[in-house]
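Atoms considered below: every heavy atom in the structure, side chains included; atoms not considered: hydrogens, waters and symmetry mates.
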Amino acid sequence: MKKQIISIILIAALYACSSGLPQLGKAPIDQVISSMTLEEKVRLVVGTGMAGFTGDSAVVGETKNLVPGAAGTTYPIPRLGIPAVVLADGPAGLRINPTREGDAATYYCTHFPIGTLLASTWNQELVEEVGKAIGNEALEYGADILLAPALNIHRNPLCGRNFEYYSEDPIISGKIAAAYVRGVQSNGVGTSIKHYAVNNQESNRMQVDARVSSRALREIYLKGFEITVKESAPWTVMSSYNYLNGVYTSESKELLTTLLRNEWDFNGMVMTDWFGGKDPIAQMQAGNDMLQPGTDKQYEAILQGVKDGTLDETILDRNVKRILEIILQTPRFKGYQYSNKPDLQAHAAVTRQSATEGMVLLKNNNQALPLTADVKKVALFGCTSYDFIAGGTGSGNVNRAYTVSLLDGLKNAGYELNEELKQLYEQHIINENKRNKPGDTNKMAMFLPLSRPTELLPSAETLREQVELSDIALITLGRTSGEFVDRTINDFNLRKEEYTLLQNVCKAFHAAGKKVIVVLNIGGVIETASWKDLPDAILCAWQAGQEGGNSVADVLSGKSSPSGKLTMTFPAKYTDDISSANFPTDGAMSSMDFGNPGEKKTEIKDWDYTNYEEDIYVGYRYFDTFNKQVSYPFGYGLSYTTFEYTNAAIKTENGIFTVSVDVKNTGPAAGKEIVQLYVTAPDAAGMNKPAKELKAFAKTRELKPGETATIHLTVKSYDLASYDEASSTWVTDAGKYTFLVGSSSRDIKATLQAEATASKEKTTDILKLQADIRRLKR
Ligand code: BGC
């Protein structure tokens, strides 16, 4: 059957060439478009459906076999030389099916560290390298566009997809995403930066209305996208599922055209998130060029719209052109012969090394870490130590060949692990997983996070034995999350059994003068304030990809020095986070009725709508401005060594501020330091401003003990601006700005001042426009 289809395509293509029809890439693009039938144009702006979803969204023809397990394809028109191109997830690596029917070969991909870990490296070159490796797998497995990176703001610690995202801060989000895009696209494959925009909760994700002021939009929620578009030219942008101030983002001309194209000069293609939005005509008009994965209903609506004049055909042509311009750049169009054999071994080394740089050492009393040479026998507690979590669930998951557990990572590093304890845990995990298995009736079960096993509480006797037999204790706490559902406060807090385990292990080991290390294998923030005094050291290892156990062992053993810092605040209590006043906490599942969003509702707070009442005061902007205590501040992270900051200076030239500072490694080990530059606006500034805002950052190269590096950080006058809603203008007030050079948001090493002159940049107020549209629709 497959062969027959391929022959038909070949014959059609040959016929096309010989019949003199304009061919994509040979004839001018407009000529190709004018040779397309209306039906072909509509087919092209609507994807070919999604395997596994029947009826409305059956896969058209042969394209589902191009790369099995890819999220979508575009519609091929062989007679005009237009191939189908393949779109595949995702942020932590390529997500395709690892096996194929009747094929003995395997198609595993590398599971790289999650987005949050990558951002915690604060290392743009490193993220670019990881992007290169991910993009290479996309290329070699036949994908044309990677559906990544994901850069929504961590507005609240409970968002189920925070693991895919980068930070509560837009500068980090934008810079890290731009580095990722550059890396992936250096392979000649595309990216789709997502989810544009304000997709900060999973609860009711396809219907929730995010209600946000234009200032918070511009300064917090859109800023990262602005930076990424301007600094890395992603091929495509993916609109988000949610409404924004009453309009679906995929139907918002203001977001997709006024801002993205007219203000930021984006010249690629926009696609929907899968089954996102409601009105295909409005989507076409807004500049949402392609609807993915595409349904027959959308096809019919657009076709009918053109026929009855509701949709101007020139708009359809414009969108078709943008899609064709992207297709022209793809490996598939260029006839790239992919190998299906990326160098998985080399990429395993990339993920193993990169992960160590994003791990954040939260506590290290009396240099408990790195483990000293006399530590040989490790007592390993916590179910997650034996069942390590590589990443989150849903489209951000990667079908990898293996995950190295902490147990195996430590063994590989030469540590001795207790066999009896291992057997006890392994049996317990098997029993717990049987209990936790979701019912088979849930067709989306594979997308949902499986409940973690309840912690095993070793008996007093087992603990006594372990203290006797081991040099040190290690406890891993794990959390997993993913699409469709947000985490709950219970998931944020430690469970009773986890707390008891920590207490019992610490008590028993400390009584014998032995240390206890906690490893956090988490995708999002958890509560740490109530228990952080118990262990000697805490390493936040995030979800470190398939080599996780090896990466953690590299850090624990001192082979690599941890150099990550937090890209979000760890609040003392969940309710300390100001956004908690307006965020769903009941863990309710979003509807899986794709393609049928239903009527817009406005009754239920934090479900039908969410008010972003905290406005621009997200994360540290809130905690630091209002002097709230936190468990660990934004930008925080320890090292195995120490650094001294000297000779901080600032110079101003043509409205560009350059801060330089010398960073010296004053401790015993080699290490890298992350230097953060915050700015405080003058008191007399016209607008309410946060106490400080991150404006630039850099990471040193690895410094040997005694070595010094000079860091230069630049900030433009435009970067100091705040968004004035009344005049729809970016305004930089004149006056004396304070530049704070910090090793975290709460550890400022040098304070400098410089004068800025006033400047303004007028924009279109997209909120006002949206309000007008709403009025018209009523
Ligand atoms: C996710 C996107 C993803 C798409 C395709 C959606 O459910 O929100 O991030 O790219 O599926 O798998």
Side-chain angles (χ1 to χ4, degrees), residues 1-10 48-53 59-74 76 83-113 130-148 183-184 186-191 293 330-352 388 390-391 393-405 408 446-447 545-550:
M1 179 65 181
K2 201 169 151 190
K3 272 193 188 143
Q4 227 175 347
I5 292 167
I6 293 171
S7 323
I8 294 169
I9 295 175
L10 282 177
T48 59
M50 191 164 183
F53 285 82
V59 170
V60 175
E62 74 287 354
T63 58
K64 75 171 171 203
N65 289 324
L66 287 177
V67 180
T73 53
T74 63
V85 301
V86 174
L87 323 172
D89 290 302
L94 185 69
R95 187 175 64 90
I96 58 172
N97 291 347
T99 52
R100 295 174 188 176
E101 237 178 73
D103 182 348
T106 56
Y107 300 83
Y108 287 108
C109 298
T110 306
H111 197 315
F112 292 87
V130 174
K132 260 186 205 158
I134 295 178
N136 175 265
E137 288 192 18
L139 178 72
E140 290 306 334
Y141 276 132
D144 296 283
I145 296 175
L146 185 81
L147 305 173
V184 172
S186 69
N187 291 279
V189 296
T191 54
T330 58
R332 198 161 254 93
F333 176 79
K334 293 179 179 166
Y336 182 73
Q337 298 295 306
Y338 52 94
S339 63
N340 274 328
K341 288 193 175 44
D343 190 345
L344 295 179
Q345 240 179 317
H347 294 169
V350 172
T351 179
R352 177 172 178 166
F388 227 46
T393 55
S395 63
N397 181 32
V398 179
N399 294 312
R400 59 201 170 272
Y402 61 87
T403 304
V404 178
S405 68
D408 290 333
M446 63 181 221
F447 275 116
Q546 68 183 40
E547 288 282 329
N550 283 335

Checking L146, V189, I134 against L94 for side-chain contact (heavy atoms from CB on, under 4.5 Å), the one that qualifies is L146

- Examine distances only and state if a side-chain atom of Y141 and a backbone atom of Y108 form a donor-acceptor pair shorter than 3.5 Å. yes

The reported gap from CG in N397 to CZ in R95 (rounded to nearest 0.5 angstrom) is 7.5 Å

Before giving the answer on side chain to side chain contact (heavy atoms under 4.5 Å, CB included), spell out for V85 and F333 the whole-Å C-alpha distance, their side-chain angles and the decisive distance to 0.1 Å.
CA-CA 8 Å; V85 301; F333 176 79; 5.6 Å; no

Closest non-hydrogen contact found for T351 with P113 is OG1-CD, 3.2 Å

Heavy-atom closest pair (A84 atom, P76 atom, distance to 0.1 Å) is N-CB, 3.5 Å

- Any chance you could lay out the side chain to side chain contact (heavy atoms under 4.5 Å, CB included) test for T110 and Q546, step after step, and finish with the verdict? CA-CA 7 Å; T110 306; Q546 68 183 40; 3.9 Å; yes

Could you tell me whether the side chain of N187 and the main chain of K132 form a donor-acceptor pair under 3.5 Å?
yes

Do Y107 and N340 make a side-chain contact, defined as non-hydrogen atoms from C-beta onward lying under 4.5 Å apart? yes

Heavy-atom nearest pair, H111 first then A390, reads CE1-O, 3.5 Å

D89 side chain to G396 backbone, donor-acceptor under 3.5 Å: no

(message) When you compare the side chain of V404 with that of R352, does any pair of heavy atoms fall below 4.5 Å?
(response) no

Does I96 offer a backbone N or O that forms a donor-acceptor pair with the side chain of N399 under 3.5 Å?
yes

Here the pair of heavy atoms bringing T73 nearest to V86 is CG2-CG2, 4.1 Å

Let's go through E547 and Y402 carefully: what are the C-alpha distance in whole Å and the side-chain angles of both, what is the deciding distance for side chain to side chain contact (heavy atoms under 4.5 Å, CB included) to 0.1 Å, and is it a yes or a no?
CA-CA 8 Å; E547 288 282 329; Y402 61 87; 2.4 Å; yes

Between the CG atom in L87 and the OG1 atom in T74, the distance rounded to the nearest 0.5 Å is 6.5 Å

- Task: Check for a donor-acceptor pair, side chain of R332 on one end and backbone N or O of G142 on the other, with a separation under 3.5 Å.
- Result: yes

Note: M50 and A71 closest approach over all heavy atoms is CG-O, 4.2 Å

dist D408:CG -> T403:OG1 (nearest 0.5 Å) comes out at 10.5 Å

Between the CG atom in N97 and the CG atom in D103, the distance rounded to the nearest 0.5 Å is 11.5 Å

Of all heavy-atom pairs linking L139 and Y336, the shortest is CG-CE2, 3.6 Å

